[in-house]
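Down below is the structure, laid out as structure tokens.
In what follows, residues are counted from 1 in the order of the sequence shown. Side-chain atoms are counted along with the backbone in the values below, which use heavy atoms only and exclude waters and symmetry mates.
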Amino acid sequence: MKETSILVLGAGMVGVSIAWHLARRGYQVTLVDRRKPGQETSFGNAGLIQREAIEPHPFPRSWFDILRILPNRAIDVQYRLTAMVCEAPILWRYWRESSPQAFERIARAYASLIVHCTDDHQALIAASGADALINREGWLQVYRNLDTLGAGIATADGAHRSHGVEFEACDRQQLHELEPALSNDAVGAVWWKNAWSVSDPGGLVDAYARSFLAEGGTFVESDVLSMAPSGSGWTLRLRNGTLTGEALVLAAGPWSIPMLKNLGYAIPMFVQRGYHMHYEPAPGVKLNFPIFDHDRGYTLSPKRMGIRLTTGAELARADDPSCMRQLLAAERAAREIFPLAKRKDDLVWRGARPCIADMNPVIGPALRHKNLWFAFGHGHQGFTLGPTTGRLLAAMLAGEPTQTDMAPFRADRF
């Protein structure tokens with residue numbers, strides 16, 4: 001049994017997975033968050049474990065995409081001018097890192113994490129008894145245009161050959177056999193077959209957290225006012241006291257940004273927000289698979305709470321007021337393709353994704369502080385990559401080699 005005490009700050013999918021892996025190794029682990037596990041960004045996503053997502057989301061570089069987004073009416077991407085101005089240096093770097101040459105290098109590193117995601121989730125699913133929340137039949141990337149369908153099939157074929165992604169190309173008839181309620185606007189789909197979906201994303205994080213507690217871990221629910229080195233370890237000053245540990249893992253997603261600045265780290269991280277709303281289906285209608293409307297840029301997915309509509313990305317500051325415009329546009333597009341009935345939520349849900357300018361997360365030691373570890377910046381794939389990050393960070397903290405080259409994820413790359 002290792003006597004080392006470790007504090008993990010952040011109880012989303014990434015932080016909970018790290019805490020679980022460390023507790024499994026015998027460390028004394030305290031997980032800290034202002035809310036219960038899985039109640040922030042991990043709660044409100046589309047609930048996909050995306051084995052097919054071997055590339056991150058680059059900054060749009062073609063004039064066609066830029067001119068499409070510029071009027072600020074697209075469903076997949078919207079922006080606030082204040083955020084664009086505040087984050088201009090980081091966004092400029094994001095644009096440069098999205099060049100074809102840089103993106104090819106970045107995507108290779110990104111894929112080295114994604115290819116392990118379902119295996120790493122399975123370890124926590126088995127330990128937590130959460131199998132009832134998992135659907136392993138994949139999801140549908142639906143197209144309204146035959147040209148974009150053809151391009152999507154070609155991309156899927158490349159992912160299959162390079163990284164073992166499993167898919168099936170569906171024409172209109174095959175798609176409507178899988179999803180009879182879809183309208184004729186849907187002309188075909190790519191069926192991603194070795195990706196998984198989750199009926200309750202927040203519930204899955206909670207199940208993993210309960211497994212962490214069963215391993216002897218501790219959870220503290222409190223606001224964190226500050227973090228600082230203390231002797232050879234670290235101290236968290238909470239609203240209701242203090243916690244000390246020999247090591248600290250910062251896994252607080254977008255809330256890591258002010259903490260990093262206070263410690264003098266200039267990591268180029270910004271926020272992309274997203275919204276969701278739940279709906280009842282029309283009477284006698286069922287949605288069998290999660291579907292992503294590729295040509296509009298939103299997701300519909302069956303959840304315990306109803307059919308969840310999730311928007312694309314909104315570039316905004318984390319504390320900007322919610323704006324219904326993007327969700328309303330997504331709702332109109334969704335009703336064209338699937339018969340949604342009334343809304344089930346009184347208020348729109350909003351979450352914030354932590355994004356790094358070079359699109360790869362930061363996983364590893366802080367270079368200027370001893371016994372401080374970083375695990376944040378997973379962009380759209382924190383839910384997918386949490387268990388993989390937990391496995392890798394626990395091995396690094398223990399001084400063990402990792403099968404994955406972690407150099408592309410080091411904090412000193414900036």
Over all atoms of both residues, closest heavy-atom pair of [X] and [Y]:
X	Y	answer
Val205	Ala11	CG1-O, 3.9 Å
Pro290	Pro302	N-CD, 3.7 Å
Leu393	Gly364	CD1-N, 3.8 Å
Met259	Leu9	SD-CD2, 3.5 Å
Ala189	Leu149	N-CD1, 3.7 Å
Gly379	Cys355	CA-SG, 3.8 Å

Tell me, do [X] and [Y] make a side-chain contact under 4.5 Å, heavy atoms counted?
X	Y	answer
Met359	Tyr110	no
Leu260	Met269	yes
Phe409	Leu113	yes
Leu287	Glu179	yes
Pro268	Glu87	no
Trp20	Val29	no
Thr41	Trp255	yes
Val16	Leu31	yes

Could you go through the side chain to side chain donor-acceptor pair (under 3.5 Å) check for Tyr208 and His121 one step at a time? CA-CA 10 Å; Tyr208 291 177; His121 266 279; 2.9 Å; yes
May I ask you to decide whether [X] forms a salt bridge with [Y], counting only side-chain N to carboxylate O separations under 4.0 Å?
X	Y	answer
Arg51	Glu166	no
Arg25	Glu215	no
Arg161	Asp157	yes
Glu104	Arg108	yes

Spatial distance of atom [atom1] ([X]) from atom [atom2] ([Y]) [nearest 0.5 Å]:
X	Y	atom1	atom2	result
Ile54	His160	CD1	NE2	11.5 Å
Leu397	Leu392	CG	CG	12.5 Å
Leu175	Gln141	CG	CD	12.0 Å
Asn135	Trp196	CG	CH2	11.0 Å
Leu340	Met277	CG	CE	11.5 Å
Arg391	Ile18	CZ	CD1	12.5 Å

Strictly distance-based, threshold 3.5 Å: is any side-chain N or O of [X] a donor or acceptor partner for the main-chain N or O of [Y]?
X	Y	value
Asp65	Pro60	no
Thr384	Gln50	yes
Ser98	Phe59	yes
Gln78	Ala74	yes
Arg335	Ala341	yes
Thr311	Tyr275	yes
Tyr279	Pro339	no
Ser183	Glu336	yes
Asn371	Ser232	yes
Asp33	Arg35	yes

Do you know which of Phe374, Phe376, Phe414 makes ring pair (Phe, Tyr, Trp, His ring centres under 6.0 Å) with Tyr265? Phe374
For the pair [X] and [Y], name the ring-plane relationship: parallel under 30°, tilted 30 to 60°, perpendicular over 60°.
X	Y	result
Trp92	Trp95	parallel
His369	Trp234	tilted
Trp349	His276	parallel

Just to verify, what does Glu221 make a side chain to side chain donor-acceptor pair (under 3.5 Å) with, not counting sequence neighbours? Lys36
Is there a side chain to side chain donor-acceptor pair (under 3.5 Å) between Thr148 and His294 once you walk through the steps? CA-CA 8 Å; Thr148 55; His294 175 274; 4.7 Å; no
Verify the neighbour count for atom [atom1] of [X]: are there more than 12 heavy atoms of other residues, nucleotides or ligands below 6.0 Å?
X	atom1	answer
Arg368	CZ	yes
Glu137	CD	no
Lys344	NZ	yes

If you apply the rule side-chain contact (heavy atoms from CB on, under 4.5 Å), what do you find for Val224 with Val32, and how did you get there? CA-CA 8 Å; Val224 176; Val32 185; 3.8 Å; yes
Report the C-alpha separation of Asp320 and Glu314 in whole Å, then their side-chain angles, then the decisive distance to 0.1 Å, and conclude whether the side-chain contact (heavy atoms from CB on, under 4.5 Å) test is met. CA-CA 11 Å; Asp320 280 343; Glu314 180 194 43; over 6 Å; no
Using distance alone, with no hydrogens and no angle criterion, decide if Tyr94 and His57 have a side-chain donor and acceptor under 3.5 Å apart. no
Run the side-chain contact (heavy atoms from CB on, under 4.5 Å) check on Phe383 and Val198 step by step: do they pass? CA-CA 10 Å; Phe383 191 79; Val198 180; 3.8 Å; yes
Residue pair Cys170, Leu178: steps toward the side-chain contact (heavy atoms from CB on, under 4.5 Å) verdict: CA-CA 9 Å; Cys170 301; Leu178 295 170; 4.0 Å; yes
On the six-membered ring of Phe270, is Arg80 placed so that its NZ or CZ lies under 6.0 angstrom from the centre and within 45° of the ring axis? no
Please collect all salt bridge (Lys or Arg N to Asp or Glu O under 4.0 Å) contacts where either partner lies in residues 346-358, sequence neighbours excluded, each pair once. Asp358-Arg413
